[in-house]
Amino acid sequence: MLDNSNFYLVGEVYNYGISAEKAFNFGDKKVNYFDKAFNSLINFEIKWNAKQMAAKDVFSKYDSILNNGLKDYGILNYLTSHDDGQPFDKERKQPYKTATMLMLTPGTSQVYYGDESARDLTIDGAVGDATLRSFMNWNDIEQDAETQKIMTHWQKLGQFRANHMAVGAGRHHLISDENGLVFSRIRNDDKIIAGINLPKGKKVINVKSVFENGDTLHDFYSKKSSIVKQGVVTLESEFDIVLLEKNN
């Protein structure tokens with residue numbers, strides 16, 4: 001020990017999933033790896049949740065468990081890793097959804113190198129885990145327009161998450177699941193509203209549960225702003241996502 005400073009300890013219990021809460025089941029016994037041990041465990045379950053559940057149900061489930069059965073503890077979400085042969089999107093057909101689900105699901109997010117650039121995970125001649133550890137696709141990043149769009153999506157989500165602790169650690173509240181999903185995250189004075197799978201073009205978003213009439217809201221994703229009127233903001237953008245924050 002170098003000094004008496006506190007530290008945050010993340011553990012790996014292979015195949016632990018958030019649904020187990022504190023009690024990892026070995027079949028013949030259950031073990032609590034949180035109390036008097038780890039602050040957080042790697043969550044192997046998120047990749048299946050993201051495949052099999054609607055986003056609104058994933059967000060609600062994680063919010064509920066993290067604020068009840070795992071209160072005061074955390075989980076580390078990933079969708080690709082160095083030794084998991086069944087990543088969320090091995091064919092890299094859903095790079096935008098990968099970013100959206102990883103970055104907007106409650107908990108901590110771990111980005112595996114090349115997730116943000118859709119690095120190829122199917123390597124000819126590679127056996128087992130080796131196919132997950134290919135060379136970084138630097139040429140695509142520098143020259144391919146679609147790769148650059150994917151990276152921009154990751155960057156915007158990552159920067160918004162970094163700017164707002166509420167995204168990963170705030171209480172989640174569903175606002176609407178009609179014509180896309182709109183929800184808020186609130187942690188103390190940090191408040192955001194996000195929308196995914198929205199119609200491109202004009203968007204009318206109910207924000208009255210979080211923001212007040214007259215507030216100016218900035219959409220971090222499109223870089224456009226709008227004033228709250230009668231409890232809603234109206235935004236025009238080419239994107240199907242909004243990341244709303246209040247202008248200071």
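In this structure, CD1 on I196 lies 7.0 Å from CD1 on I241, to the nearest 0.5 angstrom. For the atom pair CG (D240) and CG (L198), the distance works out to 7.0 Å, reported to the nearest 0.5 Å. The structure places CG of L102 at 13.0 Å from NZ of K97, a figure rounded to the nearest 0.5 Å. Atom CD of E142 is separated from atom OG1 of T147 by 11.0 Å, given to the nearest 0.5 angstrom. Considering CE of M101 and CD1 of I46, their distance stands at 5.5 Å, rounded to 0.5 Å. Atom NZ in K156 sits 5.0 Å away from atom OH in Y221 (nearest 0.5 Å).
Ring-centre distance between H173 and F183: not below the 6.0 Å cut-off. Aromatic rings of H82 and Y113 (six-membered ring for Trp) have centroids beyond the 6.0 Å cut-off, not under it.
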>> What verdict does the side chain to side chain donor-acceptor pair (under 3.5 Å) test give for N77 and T105, after you've listed the backbone C-alpha separation in whole Å, the side-chain angles of each residue and the deciding distance to 0.1 Å?
In response: CA-CA 8 Å; N77 296 319; T105 295; 5.4 Å; no
> Could you go step by step and tell me if N43 and Y62 meet the side chain to side chain donor-acceptor pair (under 3.5 Å) rule?
Replying inline: CA-CA 11 Å; N43 176 35; Y62 278 53; 2.9 Å; yes
> Checking side chain to side chain donor-acceptor pair (under 3.5 Å) for the pair T122/E91: CA distance, chi angles, key distance, verdict?
Replying inline: CA-CA 7 Å; T122 54; E91 305 298 325; 4.9 Å; no
>> Quick one, T100 with H153, criterion side chain to side chain donor-acceptor pair (under 3.5 Å). Give me CA distance, side-chain angles, the key distance, then yes/no.
In response: CA-CA 8 Å; T100 300; H153 180 67; 3.1 Å; yes
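When atom types are taken as modelled, the side chain of E178 and the backbone of S176 share no donor-acceptor pair closer than 3.5 angstrom. Proximity of a side-chain donor or acceptor of D115 to a complementary backbone N or O of Y112 within less than 3.5 Å is detected. Judged by distance alone, with hydrogens and angles left aside, the side-chain atoms of D89 form a donor-acceptor pair with the main-chain N or O of R92 at under 3.5 Å. Panel note: side chain N213, backbone G231; a donor-acceptor pair is recorded below 3.5 Å. Between the side chain of Q148 and the backbone N or O of I141, at least one donor-acceptor pair lies under 3.5 Å. Side chain of D190 to main chain of M165: a donor-acceptor pair is present (N/O by atom type, distance under 3.5 Å, no hydrogens or angles). No donor-acceptor pair under 3.5 Å is formed between the side chain of K47 and the backbone N or O of F44. Of the possible donor and acceptor atoms, one in the side chain of R161 sits under 3.5 Å from a partner among the backbone N and O of M103. Under the 3.5 Å distance criterion, the side-chain polar atoms of S222 are left unmatched by any main-chain donor or acceptor of F239. A distance-only check finds a donor-acceptor pair linking the side chain of N206 to the backbone of K208 [under 3.5 Å].
Between P106 and I75, the closest heavy-atom pair is O-CD1, 3.9 Å. Residues L121 and T131 approach most closely at O-OG1, 2.6 Å, considering heavy atoms. What you find for I227 and T216 is that their closest heavy atoms are CG1-OG1, 3.8 Å. Here the closest heavy-atom approach between residue E146 and residue Y96 is recorded as OE2-OH, 2.7 Å. F211 and K191 make their closest contact through CZ-O, 3.7 Å (heavy atoms, listed as atom of the first residue, atom of the second, distance). Heavy-atom minimum distance, L66 versus G74: CD2-CA, 4.2 Å.
Taking a cutoff of 4.0 Å between a charged side-chain nitrogen and a carboxylate oxygen, K246 and D215 qualify as a salt bridge. Between R133 and D129 there is a salt bridge, since a side-chain N of the basic residue sits under 4.0 Å from a carboxylate O of the acidic one. Ion pairing between a basic and an acidic side chain is recognised when a charged N comes within 4.0 Å of a carboxylate O; D219 and K224 show no such pairing. The existence of a salt bridge linking R185 and D63 is excluded, since no basic side-chain nitrogen approaches an acidic carboxylate oxygen closer than 4.0 Å.
F59 does not carry K56 over the face of its six-membered ring by the limits of under 6.0 Å from the centre and within 45° of the normal. Annotation: cation-pi pair K71/Y73 absent, no NZ/CZ under 6.0 Å from the ring centroid and within 45° of its normal.
Within the 4.5 Å cutoff, no side-chain heavy atoms of F88 are placed close to those of T80.
Note: F24 and F26 have perpendicular aromatic rings, judged against thresholds of 30 and 60 degrees for the angle between ring planes.
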Less than 3.5 Å apart, which donor and acceptor atoms pair up between the side chains of residues 6-18 and the rest of the protein, not counting sequence neighbours?
from: Y16; atom 1: OH; to: E21; atom 2: O; distance (Å): 2.6

